Structures are given as structure tokens and as C-alpha cells.
Amino acid sequence: MMIERFDNKKCEYSGKSVIRLLIVFLGVILALKTSQFAIYAFGAVLLFTLTLKHTEYSLFMLIMLAALSVINNYIVPKGFNFYLITRGSFFVLAVIMMFKAGFRRSAWLMSPFWFLFVYIFYMMAISLVGWWPMVSELKAILFLVFITAITQTVSAVIQEGADIRKIRSAMLTVAIFYILGSMAVIPVPSIGNSMTLSALDGYGQIVDATDFSGLFNGVTWHSQELGTIAALLNAFLLSDYLCNFQRGNRLYQLLLVCIPILIYKSSSRAGLIAYLLSITLTILFFNRERRVSQGKKARAITSLVLLILIATIGIVLTPGAGKRMEAFLRKTQDVELMGGDRSLAEDLTHSRMGLVEKGMANFRKKPLIGNGFQVSEEMQFWDKDKMGLILSAPIEKGVLPVMILEEGGVIGAIFFLAFLFAVYVKYLRLRFTCFLSTFSVFLFLNSAEATYFSTAGGGGILWTICIVALLMDMERYRLFKAPVAVVQKPPSQHDGFRCR
């Protein structure tokens, strides 16, 4: 087919675009650092992008909103104004994009997400007889608005046609900030270790920030958040690099090298396992690609095997490597602080075991329909003056499978499994390597700490990374499925993604 003459290298990304978007992103951060009311100007700019012809600008604003939600509070203090504009922006995006995408040809590539909407509507119905109906309904609406905004924006992007290089550049901007930015603050404990320092300050302990080592959170607000974002970005960057790049790229290589350093510094056990899983799953999914040469697949498998061998040899031959690994798994970077009455297995599970046991006990009380969406039993006895915290804060549920059973019962679990089944059946058939790699790692991360529905917090940026990965796959699918005449049409007539 003549379509094979298409040069995908021209569709990777523009370095100038990345620089411009990074300057814009840093400018927004500086403005928010200067004044809490600068977020209103951000909201006005987002509304302006909705009037533009190209939907990718609105998508960039959405990506920025999700990224800013988990930024270090030392860098950008977040309060009422920030969360008001954030949630208001998602609502406006959801409404406008429903009109943009709804009156055109349906984006059938997004069809599995209809099962997720069914699950949320079910949860809204059964939450009426749950622990705290009003809070459950509002939290369900917040999640529904976010998912509608992001999926409908993607649908509009697909239908209108978009410069895929700008979308990739937008995601690279976020990756550069969180990966290279976190690397840059390693020698600055007042920022990189601000989570631990703030906790110690809350206990009245005075610590010299210039000579301090503790859990590293980088430019995020929490060390666990840094580990999960880094692991998921590894899945996105590695899968995108393997599937869409025909030659080496220094920026991608630099980011991929820095990620394991940040995960080690964060002491995130879930991040470490998710990082290893991201490499394995990406290469396994990549091996199923039809449009990639067997030589490239063989090199990817060989690289994985060599990585495993080098890591194993390094651990065996390096003195004290086993002890340092154990210290990492026990969430301490000081070997001398290890010990106590708990074994390593108990240390790995004790932080979540209580939540798991409590969740299963709550599930057994109402096994059929569950207890309500994103609420806990204790909320029934909280004072009304805590309503702001109740409506805004994510609820710690431990692990995703138990949370699904506790909140929605067996029926809710069936609806949720139907969504997962639809996702994997459709995208495995289409060989969407980027999305399957990132989404699978996202699911695993929720098995360590459930942030699946916490879109105003850590879940928002993780969902965004997965959706951008889905767009990367959709680009490849349309490029190779479109007839030659469509590829050669001017951008205004192109039915799908375009490159300029």
C-alpha cells in the first residue's frame, strides 16, 4: 500500500512547542505562587480556548489542571479558589465538549467508557440508601464531570482532527516538570522533602532543612504521589517511544533514565513494583504490534532480559545491596533503622491490612448493593462543620478491589468488571499498546492505594496520562487505517489526526 510512504518521524513532536508550553506552564505556576486569585485568569483562558477552532488547546489546559492539582504546596499553595476553578472548569469542559462531540459522528473508539458511566449511575442510585447519601452523590457527580470532560474532549479531538505533536508536547511538558523538576530539587530539602518537614513541624520538632534526609516528594505534594506518577509516566514514555519513534530521542532517554532514581528517592514500594511492571507489560504488549518489524521486537525483548540479568547480578555482587533493598521495602533509606518486632512481610502489608479487613467487614454487612460511593462509616457521626473536608477530601480505602466491593457490593463489582472487560477486549483487539500499558499500571497502583475516583487529587493526573496514551494509539490506528487519499488531504479536510 502507498500508505507505507508516510513518514511517522514528522509526527513525533516539536521541540519548539515543548519549550513554549513549558514556559507557559512555569508562567502559570509563577502566577499562582504570586496570587491565589491568578487561578481565575487561568479559568478565563480555558474558556477562551473553547472558542478556538482547535480542541487540542483545551486539552492542554485540562492536562495542566490535572498536573497542578498534585503539585508541591510549597511551590503552589492551593486553597478554595484553586479547587473552585478546577472543578468549575471541568464542568464547563464537560458541557461544551458534549455539544462539540455529540452532534458529530460518534467516536466509537471510546465506547468501553460507556460501561464506566453505567457503573457511576448505579453507584449514584444505591448511594441513596448508603452511609451518607448527599456526600456520595456529590462525589459521584465530581467524578462523572471529570470523566465526561476528558472523554468528550478526546472525542472532539478525534472528530475535529488535531495536531498530534501538540498533544504529545503537552504531555512531555508535564513529564519534564515532574521528572526533571524533581531531579533538580534533590539538593533542596525545603522543597524536595517538604512533606516530611511539614509533618515534623506539625509535631513541634525543629529540623535543619539544609542537612536533612527523609521521604522525598520532589515537586509533588507527597512521596507516594511522586512514585506513582513516575511509574505511570514510565509506562507512557516507554510505550510511546517504542511504538511511535523510528529513531533515538535524547529527551525520552533522559526522562526514562531519571525515573528509577526518583522512585528510589521516594521510597514508594508501590512505585517500584509498578515501575518494574510498566517495563514488563509495555514490552509484552509491544510484542503484539503488527506494524513493527520483528527485529525491533527482538531488541525490546533482549533489552528486558538484559535489564533483569544486570539487576540480579548487581544485587548479588554488590556488598550490602540486599540490606539496602530491605531498607527500601521497609520505607527507610537508613539500614541502621531497620529491625523491630515486625518481619519484612508484615512491614509490607501492615499499612493496608487494617483497611482491607475493615472494608471486607463492611462488605459482608451489605454484600449485594454495598454502602455508598466514596464514603466511610465514620462520616455518619462527623460534625456538620466538617462538611467542607468531607466533600473535598479523598477517602482512604486501601485497595481498589476491596473498595469496589465495600461501596457497590456484588452488583457494583459486576458493572465495574464489565467496564474492565470491555476495555481489554476492545483495545487488545486494536493493539493499543500505549493505553493498555499505562492503564494496566494504573490499575495495579490502585491495588496499593485506591485513587481511582479521586480525580481532584492524585487520580486526576493518572487518568489524564492514560487518556493521552489512548490518543497516541488512536493516532497510529487512524494513520494506518486511513486510505492514501485521506492522508494526502489538506488538514481542514482530514478525518482524524493531522501533522503540520
Side-chain angles (χ1 to χ4, degrees), residues 21 24-33 35-43 45-46 58-94 138-139 141-151 153 170-171 173-179 181-182 191 194-195 198 217-233 236 266 374 388-389 391-396 438 442 445-446 449-468:
L21 292 176
V24 170
F25 190 59
L26 294 176
V28 170
I29 291 173
L30 180 61
L32 293 175
K33 178 72 172 177
S35 172
Q36 61 174 324
F37 297 105
I39 191 65
Y40 289 96
F42 183 93
V45 173
L46 187 146
S58 298
L59 181 59
F60 174 59
M61 300 296 287
L62 190 154
I63 293 172
M64 271 209 298
L65 273 179
L68 289 170
S69 296
V70 294
I71 200 171
N72 193 319
N73 289 327
Y74 185 90
I75 300 173
V76 175
K78 298 182 290 292
F80 172 79
N81 294 303
F82 179 86
Y83 290 109
L84 175 66
I85 295 300
T86 298
R87 290 166 183 177
S89 298
F90 285 139
F91 177 78
V92 172
L93 272 171
L138 290 174
K139 285 183 174 290
I141 290 171
L142 286 176
F143 180 76
L144 191 63
V145 165
F146 175 85
I147 291 298
T148 301
I150 198 165
T151 55
T153 301
M171 198 68 249
T173 300
V174 173
I176 289 170
F177 175 77
Y178 277 109
I179 297 174
S182 293
I191 300 177
S194 59
M195 179 193 75
S198 297
N217 54 277
V219 294
T220 68
W221 67 278
H222 197 284
S223 61
Q224 186 73 11
E225 194 68 45
L226 175 62
T228 56
I229 290 175
L232 199 64
L233 281 175
F236 170 80
S266 72
Q374 292 290 279
L389 173 65
L391 298 181
S392 62
I395 302 301
E396 179 133 3
T438 53
F442 181 37
L445 290 169
N446 276 271
E449 183 172 354
T451 59
Y452 199 86
F453 301 109
S454 303
T455 52
I461 184 62
L462 301 182
W463 266 111
T464 303
I465 295 171
C466 291
I467 294 299
V468 174

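In this text the structure is predicted, and so the values were computed from the model without any measurement.
When atom types are taken as modelled, the side chain of Trp463 and the backbone of Tyr452 share a donor-acceptor pair closer than 3.5 angstrom. Ser69 places a side-chain N or O within donor-acceptor distance of the main-chain N or O of Leu65, the cut-off being under 3.5 Å. Without hydrogens or angle criteria, Lys78 side chain to Ile71 main chain gives a donor-acceptor distance under 3.5 Å. For Tyr178 (side chain) and Ala67 (main-chain N/O), a donor-acceptor pair under 3.5 Å exists by modelled atom type. Without hydrogens or angle criteria, Ser182 side chain to Ile179 main chain gives no donor-acceptor distance under 3.5 Å.
The two residues Leu233 and Ile465 come nearest to each other via the heavy atoms CD2-CD1, 3.8 Å. In this structure, Thr464 and Ala66 approach most closely via the heavy-atom pair OG1-CB, 3.3 Å. Between Lys33 and Tyr74, the shortest heavy-atom distance links the atoms NZ-O, 2.6 Å. For the residue pair Gly460 and Phe146, the shortest heavy atom distance occurs at O-CZ, 3.6 Å. Residue Asn217 comes nearest to Ser223 through the heavy atom pair CB-N, 3.5 Å, listed as atom of the first residue, atom of the second, then distance. Of all heavy-atom pairs spanning Leu144 and Thr148, the tightest one is O-OG1, 2.6 Å.
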Could you go through Leu32 and Ile75, starting from their C-alpha distance and side-chain angles, then the distance that decides it, and tell me whether this counts as side-chain contact (heavy atoms from CB on, under 4.5 Å)?
CA-CA 9 Å; Leu32 293 175; Ile75 300 173; over 6 Å; no
With side-chain contact (heavy atoms from CB on, under 4.5 Å) as the test, would you mind laying out the steps for Met61 and Val45 before giving the verdict?
CA-CA 9 Å; Met61 300 296 287; Val45 173; 3.7 Å; yes
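Expressed to the nearest 0.5 Å, how far CD of Gln224 lies from CG of Leu226 amounts to 10.0 Å. With rounding to the nearest 0.5 Å, the separation of OG1 in Thr438 from CZ in Phe236 is 8.0 Å. Atom CE of Met171 is separated from atom CD1 of Ile63 by 6.0 Å, given to the nearest 0.5 angstrom. The CD atom of Glu225 lies 11.0 Å from the OG atom of Ser266; values are rounded to the nearest 0.5 Å. Expressed to the nearest 0.5 Å, how far CG of Asn81 lies from CD1 of Ile39 amounts to 9.0 Å. The distance from atom CD1 of Ile467 to atom CD1 of Ile150, rounded to the nearest 0.5 Å, is 5.0 Å.
Looking only at side-chain heavy atoms (C-beta outward), Met64 and Phe42 come within less than 4.5 Å of each other. Using a 4.5 Å cut-off on side-chain heavy atoms (C-beta onward), Val174 and Ile461 make contact. In this structure, the side chains of Gln36 and Phe80 stay at 4.5 Å or more apart for every pair of heavy atoms. No side-chain heavy atom of Phe37 sits under 4.5 Å from any side-chain heavy atom of Ile85. You'll find the side chain of Ile191 reaches within 4.5 Å of the side chain of Asn72, heavy atoms only. Residues Leu21 and Phe25 form no side-chain contact, since every pair of their non-hydrogen atoms from C-beta on lies 4.5 Å or further apart. Residues Leu232 and Cys466 are in side-chain contact: their nearest non-hydrogen atoms beyond the backbone lie under 4.5 Å apart. Residues Phe453 and Leu142 are not in side-chain contact: their nearest non-hydrogen atoms beyond the backbone lie 4.5 Å or more apart.
For Phe91, the CZ atom sits in a loose shell: 12 or fewer heavy atoms of surrounding residues, nucleotides or ligands are nearer than 6.0 Å.
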